[in-house]
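This one's a predicted model, so the numbers in the text were calculated from it and none came from an experiment. Numbers for residues simply follow the sequence, beginning at 1.
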Amino acid sequence: MSVSMDMLDNLLFSASQACCSPFAIFIQIQGYFICLVLALGWAGAAYVRSREIRRMKNTIRSGNHFGFLCYDINELEHSKQVNLPKVSVVMPLKGFGEHNLHNWRSQITSLYGGPLEFLFVVDSIEDPAYHAVSRLLAEYEDDLDARVIVAGPSTTCSQKIHNQLVGVEKMHKDSKYVLFLDDDVRLHPGSIGALTAEMEKNPEIFIQTGYPLDLPSGSLGSYCIYEYHMPCSMGFATGGKTFFLWGGCMMMHADDFRTDKHGVVSELRDGGYSDDMTLAAIAGANKRLITSPPVAVFPHPLASDLSFSRYWNYLRKQTFVLESYTTKVNWIMNRALFSSHCYLSWGFVAPYFMATIHVAAALRCYYKGYAPEDTTFISTGLLLASCLTVCTTLELLSMWNLTRIEVHLCNLLSPEAPQLSLASYNWFLVFIAMLVDNFLYPISAFRSHFSQSINWSGIRYHLKDGKIHKIDRPKGKGPKFTDLGGKRLYGKKGGQHTASLLYSLSRSLAHWRQPKKYDV
């Protein structure tokens with residue numbers, strides 16, 4: 001037994017000594033650098049978001065208690081509201097989860113003062129979302145211009161893109177802008193107004209976008225999704241121009257679709273898999289502007305039953321996006337993203353593996369009572385592990401600070417909604433999720449690269465030359481829920497909700513815009 005332990009000790013000490021070699025030290029220092037870059041990026045994003053909070057608080061202190069809608073209260077005057085452009089909101093739906101009803105309600109009770117049209121698009125009346133959203137709209141039938149559209153199955157692109165394009169075909173001819181929203185987006189009352197105001201202010205904007213603030217449910221899978229989204233959040237917190245695009249919230253000029261400008265319709269329709277990656281590639285190729293307003297951050301509660309397997313399937317879909325492309329330049333950029341992300345992910349994880357070896361060797365050395373001069377590499381290993389601890393602490397503090405500020409911003413933007421809290425976040429699980437997500441990302445990416453196919457909500461898509469060329473559908477019914485959706489709480493009947501102040505305000509605005517409809 002002692003011989004075996006001695007062999008294990010020698011192996012452990014040899015590994016710790018190897019982790020102190022020049023190459024291993026370079027790998028560990030690189031990991032520290034990645035931690036510090038993330039910490040600085042999140043600090044910059046926090047500055048942009050906190051600047052917006054200060055601006056909103058100053059507006060409220062100056063007497064404008066509707067600062068969550070717009071900073072200039074004069075913009076709420078009837079003479080200006082009646083001239084606001086018409087917006088068509090297109091929402092491709094798939095399945096019905098625990099948060100969908102709340103999300104849809106936040107979308108249709110927008111306090112945008114101009115004419116609004118809501119188009120909920122499903123592939124079939126058998127989709128659970130069809131009956132759920134139909135019942136919801138029945139509650140507001142006198143207050144909304146909204147309808148449910150059955151798009152049918154897609155044949156040349158992903159089902160989501162197909163639903164979006166059918167929605168665009170059905171939108172009102174007078175719509176100036178079209179806003180694409182995912183069913184897991186929880187809007188603020190002034191979100192549509194803020195996006196529209198920026199489009200009106202700068203007609204050169206091609207797409208306006210936003211980003212979700214994940215609210216983990218407690219499972220490791222939900223924390224992995226939160227951690228996966230957080231690095232990208234700094235790219236959306238620029239307060240203006242960005243190269244990033246999130247398909248969950250995209251506002252565009254309606255005429256760009258009517259005229260197929262830059263091939264937005266044809267590129268999406270003919271083999272498109274990812275709406276945001278395709279449109280971002282078009283914007284880059286044509287040097288068009290993408291912006292993200294600092295108030296465009298949306299609460300995104302994750303399902304309470306979000307299992308690790310559902311997280312893995314979500315990660316597979318995200319890495320599979322890099323296998324689709326529109327041009328040769330787009331292919332090169334995706335390959336660069338693929339390579340750099342895989343390298344940085346494992347470059348992030350490797351120092352923690354080495355630090356574990358250093359600490360284990362030090363503990364064993366202390367237990368055995370070896371003299372310090374016989375194990376000089378132990379001191380080096382502990383110094384490296386200490387540096388990693390400091391960098392990790394700074395990274396987690398920066399992530400915590402950005403999340404805290406975004407939670408506060410969301411609470412200010414939705415004063416009537418239940419207040420979000422940072423208290424439910426488990427930061428130990430966040431740390432574990434950082435390691436798990438970065439370890440699994442390259443595995444998922446390589447699997448996507450070699451398989452060239454993916455199962456998305458029960459439909460299998462096959463790629464060829466960056467485009468969908470084959471779609472397989474199950475013979476039976478597909479799953480009712482998306483990977484991030486929750487269990488079905490309401491059975492065949494949607495839950496009953498009492499009317500809120502927000503609903504009353506939205507009804508008053510609708511009555512204001514169309515008085516004849518409500519006159520007795």
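- A side-chain donor-acceptor contact under 3.5 Å links D184 and H300.
- The two residues D183 and N100 have their closest heavy-atom pair at O-ND2, 3.3 Å.
- Judged purely by atom type and a 3.5 angstrom limit, S217 uses its side chain to pair as donor or acceptor with the backbone of A303.
- Counting only distance, with no hydrogens or angles, the side chain of S345 and the backbone of C342 share no donor-acceptor pair below 3.5 Å.
- Inter-residue side-chain proximity for Y177 and M252 is flagged as unmet; no heavy-atom pair is nearer than 4.5 Å.
- Ring pair H341/Y441 is parallel by interplanar angle, where below 30° counts as parallel and above 60° as perpendicular.
- Ring orientation note: the planes of F236 and Y211 are close to parallel, at an angle under 30° on the 30°/60° scale.
- Closest approach of N83 to S79, counting heavy atoms only: ND2-O, 2.9 Å.
- Side-chain contact check for F348 versus D437: every heavy-atom pair is 4.5 Å or farther apart.
- Counting heavy atoms from C-beta outward, H65 and I73 have side chains that stay 4.5 Å or more apart.
- One N or O on the side chain of W42 and one on the backbone of M230 form a donor-acceptor pair closer than 3.5 Å.
- The two atoms that bring L344 and I34 nearest to each other are O-CD1, 3.7 Å, heavy atoms only.
- Between R54 and R51 there is a side-chain heavy-atom pair separated by less than 4.5 Å.
- Remark: side-chain polar atoms of D214 are not paired, donor with acceptor, to backbone N or O of P216 under 3.5 angstrom.
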Self-check item: Verdict with supporting geometry, L36 and L394, side-chain contact (heavy atoms from CB on, under 4.5 Å)
Solution: CA-CA 7 Å; L36 293 176; L394 291 174; 3.9 Å; yes
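- At least one donor-acceptor pair under 3.5 Å links the side chain of Q81 to the backbone N or O of E75.
- Taking the six-membered ring for Trp, F298 and H229 have ring centres at least 6.0 Å apart.
- Looking at heavy atoms from C-beta onward, K80 lies out of side-chain contact with L76 at the 4.5 angstrom threshold.
- With no hydrogens or angles considered, a side-chain donor-acceptor pair links R404 and N401 at under 3.5 Å.
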Exercise. Quick one: do D275 and M250 satisfy side-chain contact (heavy atoms from CB on, under 4.5 Å)? Show the steps, please.
Key: CA-CA 10 Å; D275 54 341; M250 301 184 298; 3.5 Å; yes
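- Checking side-chain atoms of D260 against main-chain N and O of V265 turns up a donor-acceptor pair under 3.5 Å.
- Side chains of S324 and S274: a donor-acceptor N/O pair is absent below 3.5 angstrom, by distance only.
- For A197, the side-chain contact (heavy atoms from CB on, under 4.5 Å) test picks out no residue, with sequence neighbours left out.
- Not a single donor-acceptor pair under 3.5 Å links the side chain of T326 to the backbone N or O of T278.
- For the pair D123 and K94, the salt-bridge criterion is met [side-chain N within less than 4.0 Å of a carboxylate O].
- The two residues I108 and F118 make their nearest non-hydrogen contact at CA-CZ, 3.7 Å.
- Here K86 pairs with D145 in a salt bridge; the nearest charged N to carboxylate O distance falls below 4.0 Å.
- Scanning both residues, R258 and D255, for their nearest heavy atoms gives NH1-OD1, 2.7 Å.
- With a 4.5 Å cut-off on side-chain heavy atoms, T209 and S292 count as touching.
- For the pair M56/L409, a side-chain contact is recorded, criterion being any heavy-atom separation below 4.5 Å from C-beta on.
- For N58 and R55, the side-chain atoms include no donor-acceptor pair closer than 3.5 Å.
- Not one N or O on the side chain of N426 forms a donor-acceptor pair closer than 3.5 Å with the backbone of V430.
- Taking the six-membered ring where the residue is Trp, W456 and Y273 present perpendicular rings, their angle passing 60° and hence far from 30°.
- When every heavy atom of L195 is checked against every heavy atom of C249, the shortest pair comes out as CD1-SG, 4.0 Å.
- In this structure T59 satisfies the side-chain hydrogen bond (donor to acceptor under 3.5 Å, both in side chains) test with no other residue, sequence neighbours excluded.
- Each of Y130, F120, W104 was evaluated against F96; a single residue qualifies, W104, per the ring pair (Phe, Tyr, Trp, His ring centres under 6.0 Å) test.
- In this structure, the side chain of N286 does not engage the main chain of R288 through any donor-acceptor pair within 3.5 Å.
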Exercise. Check the pair E200 / L84 against side-chain contact (heavy atoms from CB on, under 4.5 Å), numbers first and verdict last.
Key: CA-CA 9 Å; E200 289 287 281; L84 289 174; 5.9 Å; no
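- With hydrogens and angles disregarded, a donor-acceptor distance shorter than 3.5 Å links the side chain of S106 to the backbone of N103.
- Counting heavy-atom neighbours within 6.0 Å of E204 CD, excluding the residue itself, gives a total of 12 or less.
- Within 6.0 Å of CZ in F308 there are more than 12 heavy atoms belonging to other residues, nucleotides or ligands.
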Practice problem: Check step by step if side-chain contact (heavy atoms from CB on, under 4.5 Å) holds for E395 and M434. | Solution: CA-CA 11 Å; E395 180 191 14; M434 286 165 52; 3.1 Å; yes
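- Separating the CG atom in L179 from the CD atom in Q208 is a distance of 9.5 Å, to the nearest 0.5 Å.
- The ring of Y425 has its center closer than 6.0 angstrom to the ring center of Y226.
- At a cut-off of 3.5 Å, with distance as the only test, no side-chain donor of E198 or T291 sits close to an acceptor on the other residue.
- Checked for salt-bridge contact, E52 and R49 miss the test: no charged N lies under 4.0 Å from a carboxylate O.
- For an aromatic pair to be called close, the ring centres must be under 6.0 Å apart, and Y314 with Y311 fails this.
- For the side-chain hydrogen bond (donor to acceptor under 3.5 Å, both in side chains) test, no residue two or more places apart in sequence or in another chain qualifies with Q107.
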